[in-house]
Amino acid sequence: MPLPCFATDADHSATTLTVVKPTDLEQALEALDPPARAWATLGGFRAEPGQHQLLPAPDGSLGGCLVGADDGDPMRAYGGLPMSLPAGTYALSPSASSEVADQVQLGWGLGAYRFDRYKSTKGRQPALLSIDADDRRNVHAAVEATWLVRDLINTPAEDMTPVALHAAAKDLADAFGATFSAIVGEDLLEQNFPAVHAVGRASPHAPRLLDFTWGDPAHPKVTIVGKGVCFDTGGLDIKPAGGMLNMKKDMGGGAHALGLARMIMASNMPVRLRVLIPAVENVIAGNSFKPLDIIRTRKGLSVEIGNTDAEGRVVLADALCEADSESPDIIVDFATLTGAARVALGADLPAFFCSDDDLAARTVAGSMAIEDPIWRMPLWAPYRKLISSTVADINNAGESGMGGAITAALFLRDFVSAGTPWMHLDTFAWNAFERPGRPKGGEALGMRAVFAALQDRYSAKG
């Protein structure tokens with residue numbers, strides 16, 4: 001089912017959107033009839049990014065719309081259109097290049113999103129005619145995946161429990177014919193996922209490991225792992241009230257994993273995909289895991305709990321170990337893991353760590369090509385001593401607050417074999433304020449960049 005921001009049937013009354021670069025402004029104005037040209041001039045249209053100008057038809061109705069272009073940021077240029085144009089159907093000018101068509105539809109699709117599940121009234125929005133659907137397949141898949149990620153993150157924790165995340169993952173798997181399974185509650189102990197169980201056991205919603213596979217088993221194995229902490233109180237090392245306000249987004253890594261999986265399956269990428277999401281709540285009860293507890297992991301390594309608020313890496317340890325057990329071609333994990341990454345790079349720029357230079361280079365290139373910025377940070381081995389333990393194999397937090405994003409990544413690296421290409425994205429998964437194409441709330445950050453890297457790697461293999 002297409003998203004409501006796109007119209008699929010040709011509408012002969014659709015208003016034409018004409019994208020104009022500043023260098024082409026004079027030519028574009030000359031092509032208009034005199035009343036429309038006068039109207040555009042009076043309106044101060046200068047083809048600036050984010051600027052648009054409605055044009056009158058001879059009968060006084062809406063005759064067209066000029067839109068300022070921006071080759072560098074389609075969100076800035078086109079993301080505000082769905083929220084600023086009158087309701088109706090719009091069609092991109094046939095003269096637009098394929099590249100411009102991709103940018104307009106991506107900006108439009110991401111800018112049209114609104115989380116109105118709990119609103120009693122829902123406003124009408126304009127729709128963009130979706131032309132050449134096959135050519136725009138990846139663009140539409142990116143929009144649909146981003147809406148999925150945003151919806152999952154924006155849903156309050158009362159309704160986005162481990163049970164609900166379980167249902168969302170199964171629905172996605174079923175939609176693409178993937179094979180789905182889940183290990184729930186005490187079965188986690190029986191099947192040797194003790195770290196997932198330890199973090200999630202205090203919640204009335206049983207912890208679980210979500211698992212699905214898709215694609216030809218003969219194709220290269222790509223495994224995606226996502227942190228699915230549906231709410232994080234901090235545990236017994238409880239967060240202050242302000243620190244808890246956004247913790248419904250702590251399952252953002254799991255949401256990114258599902259979004260990326262959706263893009264891969266929708267594109268029919270020639271890979272054998274596996275998705276693993278440890279879904280838990282980190283809450284407080286009589287059986288909460290405690291500071292200085294020592295927790296066994298699936299790999300057999302013991303973890304001393306230096307801080308119960310560093311729980312995400314603990315549940316990821318078991319999931320990464322299971323991912324690594326199949327010796328996949330690539331492991332990618334997404335997690336809202338550290339505040340240190342935000343201090344270093346801010347909210348919009350996910351930190352990523354990678355054990356494979358080729359994969360890292362492809363990801364950086366994809367990130368730059370599609371305006372989904374990320375920044376590579378070092379797996380600086382000397383910092384491993386900062387999370388050493390005198391009583392266990394590793395500490396989940398350590399005593400030093402320095403290099404927190406790096407030490408978290410080094411913790412995860414201990415659960416992946418040295419020869420397995422692995423990438424870890426520490427993402428904020430949130431827009432703190434409203435911008436064109438980037439509504440306030442849950443956000444997919446780095447997901448499209450990783451998809452571009454995978455597409456480049458596996459399409460090149462034929």
Side-chain angles (χ1 to χ4, degrees), residues 1-6 75 79 82 105-118 125 130 136-157 159-178 180 210-212 214 222 224-230 248-269 273-277 279 332-336 350 370 372 425 427-431 437-452 454-455:
M1 181 177 178
L3 296 175
C5 60
F6 293 120
M75 300 313 123
Q105 294 198 62
L106 179 65
W108 182 287
L110 299 186
Y113 176 85
R114 282 296 179 269
F115 186 66
D116 58 6
R117 173 175 171 177
Y118 299 92
Q125 288 185 326
S130 178
R136 307 278 92 75
R137 180 182 301 170
N138 283 345
V139 174
H140 287 194
V143 172
E144 290 164 354
T146 302
W147 281 42
L148 171 64
V149 172
R150 290 171 174 176
D151 277 348
L152 292 172
I153 296 171
N154 286 330
T155 301
D159 292 330
M160 186 46 62
T161 63
V163 178
L165 187 56
H166 180 151
K170 187 175 187 306
D171 286 348
L172 179 65
D174 290 348
F176 286 92
F180 180 88
L210 313 177
D211 185 354
F212 67 82
W214 170 91
V222 173
I224 307 169
V225 179
K227 173 187 167 185
V229 178
C230 294
K248 69 176 184 178
K249 77 174 182 66
D250 213 23
M251 41 64 65
H256 278 68
L258 294 180
L260 178 57
R262 194 189 197 291
M263 292 181 72
I264 289 170
M265 294 186 292
S267 71
N268 204 28
M269 188 180 292
L273 173 68
R274 188 179 188 189
V275 177
L276 292 163
I277 300 174
V332 179
D333 80 73
F334 292 90
T336 52
I370 60 174
D372 186 20
L425 277 89
T427 182
F428 192 48
W430 191 261
N431 289 319
R438 301 171 177 93
K440 183 177 180 179
E443 185 60 287
L445 298 171
M447 179 184 72
R448 293 187 293 114
V450 176
F451 175 79
L454 296 177
Q455 187 177 49

Work out which heavy atom in [X] is nearest to a heavy atom in [Y]; give both atom names and the distance.
X: Pro82; Y: Gly111; result: CG-C, 4.0 Å
X: Ser130; Y: His140; result: OG-CE1, 2.5 Å
X: Gln105; Y: Val143; result: O-CG2, 4.2 Å
X: Ile370; Y: Ala449; result: CD1-N, 3.7 Å
X: Cys5; Y: Trp147; result: SG-CZ2, 4.0 Å
X: Phe180; Y: Ala173; result: CB-CB, 4.0 Å

Within the distance-only criterion (no hydrogens, no angle test), does the side chain of [X] pair as donor or acceptor with the backbone N or O of [Y] below 3.5 angstrom?
X: Arg150; Y: Tyr113; answer: no
X: Asn431; Y: Pro439; answer: yes
X: Lys249; Y: Phe428; answer: yes
X: Lys248; Y: Thr155; answer: no
X: Trp430; Y: Ile153; answer: no
X: Asp372; Y: Gly446; answer: yes

Rounded to the nearest 0.5 Å, what's the gap from [atom1] on [X] to [atom2] on [Y]? Could you check?
X: Leu425; Y: Met447; atom1: CG; atom2: CE; value: 11.5 Å
X: Arg117; Y: Asp159; atom1: CZ; atom2: CG; value: 5.0 Å
X: Leu152; Y: Leu165; atom1: CG; atom2: CG; value: 6.5 Å

Name every donor-acceptor pair, under 3.5 Å, that has one atom in a side chain of residues 256-264 and the other anywhere in the protein, sequence neighbours excluded.
unit_1: His256; atom_1: ND1; unit_2: Gly252; atom_2: O; d: 2.7
unit_1: His256; atom_1: NE2; unit_2: Leu445; atom_2: N; d: 2.9
unit_1: His256; atom_1: NE2; unit_2: Leu445; atom_2: O; d: 3.4
unit_1: Arg262; atom_1: NH1; unit_2: Glu144; atom_2: OE1; d: 3.0

Next item on the list: For residues Thr146 and Glu443, determine if any side-chain heavy atom of one lies less than 4.5 Å from a side-chain heavy atom of the other.
Entry: yes

Check: Can you check whether Met251 reaches Thr336 side chain to side chain, under 4.5 Å on heavy atoms?
Finding: no

Note to self: Show, in sequence, the C-alpha distance, side-chain angles and deciding distance for Leu106 and Arg448, and conclude whether the side chain to side chain contact (heavy atoms under 4.5 Å, CB included) test is met.
What the structure shows: CA-CA 11 Å; Leu106 179 65; Arg448 293 187 293 114; 3.6 Å; yes

Check: Can you name the one residue among Ile277, Leu276, Leu172 that meets side chain to side chain contact (heavy atoms under 4.5 Å, CB included) with Phe212?
Finding: Leu172

Note to self: Run the side chain to side chain contact (heavy atoms under 4.5 Å, CB included) test on Ile224 and Leu273 for me, step by step, so that the C-alpha distance in whole Å, both residues' side-chain angles and the decisive distance to 0.1 Å come before the verdict.
What the structure shows: CA-CA 8 Å; Ile224 307 169; Leu273 173 68; 3.6 Å; yes

Margin query: Run the side chain to side chain contact (heavy atoms under 4.5 Å, CB included) test on Asn138 and Gln455 for me, step by step, so that the C-alpha distance in whole Å, both residues' side-chain angles and the decisive distance to 0.1 Å come before the verdict.
Written below: CA-CA 10 Å; Asn138 283 345; Gln455 187 177 49; 2.7 Å; yes

Check: Looking at Lys227 and Asp333, does any basic side-chain N land under 4.0 Å from a carboxylate oxygen?
Finding: no

